[in-house]
Asks: 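For reference, the structure I am asking about is given below.
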Amino acid sequence: MERIEQHASFGGRQEVWKHASAVLGTEARVGVYLPPAALAGVACPVLYWLSGLTCTEQNFITKAGAQQHAAQHGLILVAPDTSPRGEEVANDAAYDLGQGAGFYLNATQAPWAPHYRMEDYVVEELPAVVERWFTTSARRGIFGHSMGGHGALTLALRHPGRYASVSAFSPIVAPSQVPWGQKAFAAYLGDDRTAWAAHDAVALVAGAQERLPLLVDQGEADAFRAAQLKPELLRAACDAAGHPLALNLRPGYDHSYYFIASFIGEHVAHHARALRG
């Protein structure tokens with residue numbers, strides 16, 4: 001691990017680190033916010049943030065305004081990049097495939113499979129690195145936005161017991177049924193739709209092994225809501241399965257970080273209640 005940025009923030013410190021990832025086969029960057037409690041040597045729970053299409057670790061740490069809330073609640077915030085990066089890593093000219101669009105799964109198809117293993121990275125390797133380098137408790141939460149909201153929901157549902165809390169802003173809840181997800185899944189996973197269902201929150205809710213409450217915020221003025229996000233499908237799936245869901249439809253809000261910053265405090269508080277018992 002090599003620290004490449006640090007900034008004082010709300011009594012704590014916002015840092016950016018880079019490290020060689022054995023899982024991704026390339027260098028990875030990650031934002032880490034250490035609250036005042038962590039700087040004082042207290043073991044703090046870790047809250048992982050997954051960003052959306054085209055983002056890096058920078059979008060969340062510079063735009064969401066989450067540091068003040070993490071400082072208040074004594075949570076470490078960890079924000080990885082959205083995909084592997086580098087000249088040796090497969091890419092596509094479109095914004096919604098390749099670098100910047102990893103979709104938080106392990107690709108099985110060429111040319112993506114060698115590096116695009118974001119599920120293993122987020123669930124296994126990154127926590128091992130964070131817990132080795134920083135003073136953390138054993139409690140983890142996960143949240144994210146858009147593609148990252150999809151990642152947060154599916155990783156929590158696919159790995160019961162791994163996370164104590166989960167939430168999402170404007171998530172792609174049914175990627176198997178919308179253009180963003182269909183394009184990415186066909187490329188990364190091939191044409192077998194049973195493989196797609198294993199990374200689709202709406203499909204996963206029906207067989208969820210634990211009833212981890214889902215908190216979702218969706219802007220009603222989001223230009224992507226009808227075609228790509230379809231929050232009503234998640235509501236129907238949770239109703240049918242009896243899975244706890246708090247779905248907040250926010251009038252006037254769009255898909256931007258202005259929306260996220262407006263409600264990030266509520267999400268961090270939601271995670272803090274679960275992570276601190």
Side-chain angles (χ1 to χ4, degrees), residues 1-6 14-33 46 48-63 77-134 142 144-152 154-155 158-159 162 172 175-176 179-193 195-196 198-200 228:
M1 287 274 277
E2 178 186 350
R3 186 170 58 194
I4 56 177
E5 282 187 42
Q6 60 175 329
Q14 178 64 61
E15 303 180 339
V16 178
W17 294 75
K18 66 180 180 180
H19 70 102
S21 167
V23 166
L24 303 178
T26 186
E27 184 178 273
R29 295 194 177 198
V30 57
V32 179
Y33 176 71
V46 183
Y48 292 85
W49 170 269
L50 305 182
S51 292
L53 290 166
T54 76
C55 291
T56 69
E57 80 288 342
Q58 291 291 324
N59 298 75
F60 176 72
I61 68 176
T62 60
K63 295 180 179 180
L77 294 175
V78 175
D81 201 346
T82 53
S83 76
R85 305 275 181 175
E87 293 183 3
E88 75 281 12
V89 176
N91 200 9
D92 190 271
Y95 75 95
D96 53 358
L97 188 67
Q99 295 186 35
F103 269 83
Y104 304 103
L105 50 75
N106 294 334
T108 59
Q109 306 298 303
W112 315 103
H115 297 286
Y116 284 77
R117 299 174 59 198
M118 289 300 293
E119 178 171 13
D120 283 352
Y121 177 70
V122 170
V123 175
E124 301 291 345
E125 185 181 35
L126 181 58
V129 170
V130 168
E131 291 163 19
R132 183 167 68 247
W133 279 82
F134 304 100
I142 191 166
H145 171 234
S146 194
M147 177 187 70
H150 142 78
T154 57
L155 295 183
R158 283 173 55 80
H159 299 276
R162 188 70 172 167
I172 308 170
S176 299
W180 275 342
Q182 291 167 343
K183 178 179 180 178
F185 283 8
Y188 298 145
L189 302 175
D191 296 330
D192 181 3
R193 286 183 172 256
W196 296 15
H199 299 278
D200 185 303
Q228 303 282 12

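Residue indices begin at 1 and follow the sequence shown. Scope of the values below: all heavy atoms of this structure, side chains included, with no hydrogens, waters or symmetry mates.
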Asks: How long is the span from the CZ atom in Arg132 to the CZ atom in Phe134, to the nearest 0.5 Å?
Replies: 11.0 Å
Asks: Could you measure the distance from the CZ atom of Phe103 to the CE atom of Met147? Nearest 0.5 Å is fine.
Replies: 6.0 Å
Asks: Over all heavy atoms of both residues, which pair between Ile172 and His150 is shortest? Give the atoms and the distance, please.
Replies: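 Reported closest heavy-atom pair: O-CB, 3.3 Å.
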Asks: Nearest 0.5 Å, what's the OG-CD distance between Ser176 and Gln182?
Replies: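 One gets 7.5 Å once the value is rounded to the nearest 0.5 Å.
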Asks: Hey, are the side chains of Leu126 and Tyr48 touching, using non-hydrogen atoms and a 4.5 Å cut-off?
Replies: yes
Asks: Any side-chain heavy atom of Val30 sitting closer than 4.5 Å to one from Glu57?
Replies: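 Result no, sub-4.5 Å side-chain heavy-atom pair not found.
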Asks: Would you mind reporting whether Arg3 and Val32 have side-chain heavy atoms less than 4.5 Å apart?
Replies: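 Of all side-chain heavy-atom pairs linking Arg3 with Val32, none is under 4.5 Å.
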Asks: About how many Å separate CZ of Arg193 and CH2 of Trp196, when rounded to the nearest 0.5 Å?
Replies: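 These two atoms lie 4.0 Å from each other.
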Asks: Cut-off 3.5 Å, side chains only: do Glu88 and Thr26 have a donor facing an acceptor?
Replies: yes
Asks: Nearest 0.5 Å, please: how far is NE2 in His199 from CD in Glu119?
Replies: 5.5 Å
Asks: Considering only heavy atoms from C-beta outward, does the side chain of Leu105 approach that of Met118 to under 4.5 Å?
Replies: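 When only atoms from C-beta onward are counted, Met118 and Leu105 do not touch, as no gap falls below 4.5 Å.
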Asks: Identify whether the distance between the nearest side-chain nitrogen and carboxylate oxygen of Arg117 and Glu125 falls below 4.0 Å.
Replies: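 Judged by the 4.0 Å cut-off on N to carboxylate O distance, Arg117 and Glu125 do not form a salt bridge.
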Asks: Looking at Ala101 and Ser83, what are the two nearest heavy atoms and their distance?
Replies: N-CB, 4.0 Å
Asks: Indicate yes or no: at least one non-hydrogen side-chain atom of Leu97 is less than 4.5 angstrom from one of Tyr188.
Replies: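 Heavy-atom side-chain distance check passes, below 4.5 Å.
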Asks: Find the distance between CD1 (Ile61) and CD (Glu5) and round it off to the nearest 0.5 Å.
Replies: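 Reported value, rounded in 0.5 Å steps: 5.5 Å.
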Asks: Counting only N and O atoms by type, is there a donor-acceptor contact under 3.5 Å from the side chain of Tyr116 to the main-chain atoms of Gln109?
Replies: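 Checking the backbone N and O of Gln109 against the side chain of Tyr116, no donor-acceptor pair under 3.5 Å is found.
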Asks: Main chain of Gly100, side chain of Tyr95: is a donor-acceptor contact present, judged purely on distance under 3.5 Å?
Replies: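 Looks like no, no N/O pair under 3.5 Å.
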Asks: Are any non-hydrogen side-chain atoms of Leu24 and His115 less than 4.5 angstrom apart?
Replies: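 A side-chain contact under 4.5 Å is absent here.
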Asks: Taking all non-hydrogen atoms of both residues into account, name the closest pair between Trp49 and His145 and its distance.
Replies: CZ2-CB, 3.5 Å
Asks: Are Val89 and Gln99 close enough, and set up right, to give a side-chain contact (heavy atoms from CB on, under 4.5 Å), and what steps lead you there?
Replies: CA-CA 8 Å; Val89 176; Gln99 295 186 35; 3.7 Å; yes
Asks: Dump the intermediate steps for side-chain contact (heavy atoms from CB on, under 4.5 Å) on Trp17 and Val129, then the final yes or no.
Replies: CA-CA 11 Å; Trp17 294 75; Val129 170; over 6 Å; no
Asks: If you take all heavy atoms of Cys55 and Thr82, which pair is closest and at what distance?
Replies: O-OG1, 2.6 Å
Asks: Is any side-chain heavy atom of Thr154 closer than 4.5 Å to a side-chain heavy atom of Tyr104?
Replies: no
Asks: Which heavy-atom pair separates Leu50 from Pro80 by the least distance, and what is that distance?
Replies: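 Scanning both residues completely, I find the closest heavy atoms to be CD2-CG, 4.0 Å.
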Asks: Between Ser146 and Trp180, which heavy-atom pair has the shortest distance, and what is it?
Replies: OG-CZ3, 3.9 Å
Asks: Using the six-membered ring wherever Trp is involved, compare the ring planes of His19 and Tyr121 and label them parallel, tilted or perpendicular (cut-offs 30° and 60°).
Replies: parallel
Asks: So, the side chain of Asp96 versus the backbone of Leu53: is there a donor-acceptor pair under 3.5 Å, distance only?
Replies: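 Judged by distance alone, no pair lies under 3.5 Å.
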Asks: Less than 4.5 Å apart, side chain to side chain, heavy atoms only: is that true for Gln58 and Val16?
Replies: yes
Asks: Trp112 vs Asp92, test: side-chain contact (heavy atoms from CB on, under 4.5 Å). Steps then yes/no.
Replies: CA-CA 10 Å; Trp112 315 103; Asp92 190 271; 4.2 Å; yes
